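First the structure, in the form of structure tokens, and then the observations on it.
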Amino acid sequence: MAEVVGIAGEQLRQFVARIERLEEEKAALAADIREVYAEAKGNGFDTKVLRQVIRLRKIDKAERQEMDAILELYLEALGMHEGAIGG
């Protein structure tokens, strides 16, 4: 394989260095998030539900309402609907 030299080689090294730095930052942030979940769990919060809340907050209100309506439809089709999600 031909060796990458000159400007293209330097540019490639810069991209790799930036990506590596961002990956390190991402790992550090993931560790921080795990610590917050552990703290929440230590204070009696259900982290599984907390993760679901975080996921739902990222979704647009109209999209969330559509998902809820489809979920209700599916639960009803399966005979699992009793007026409230979780039945």
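Just so we're clear, the structure is a prediction, and the values are computed from it rather than from any experiment.
Taking the charged nitrogens against the carboxylate oxygens, K26 and E23 do have a contact shorter than 4.0 Å, which makes a salt bridge.
Between E63 atom CD and D68 atom CG the span is 11.0 Å, to the nearest 0.5 Å. Rounded to the nearest 0.5 angstrom, D46 CG and R51 CZ are separated by 10.5 Å. Note: R57 CZ to R64 CZ = 9.0 Å, rounded to the nearest 0.5 Å. Here the NZ-CG distance, from K61 to L56, works out to 13.5 Å after rounding to the nearest 0.5 Å. Interatomic distance, K41 NZ to N43 CG, rounded to the nearest 0.5 Å: 12.5 Å. Between the CD1 atom of I7 and the CG atom of L12 there is a distance of 13.5 Å, given to the nearest 0.5 Å.
Inter-residue side-chain proximity for F45 and V53 is flagged as unmet; no heavy-atom pair is nearer than 4.5 Å.
For E35, there are no salt bridge (Lys or Arg N to Asp or Glu O under 4.0 Å) partners, not counting sequence neighbours. With sequence neighbours excluded, no residue forms a side-chain hydrogen bond (donor to acceptor under 3.5 Å, both in side chains) with K48.
Tracing side-chain contacts under 4.5 Å through hydrophobic residues (I, L, V, M, F, W, Y), one reaches L71 starting from M80; they form part of the same cluster.
Shortest non-hydrogen contact noted between Y37 and I54 is OH-CG1, 3.6 Å.
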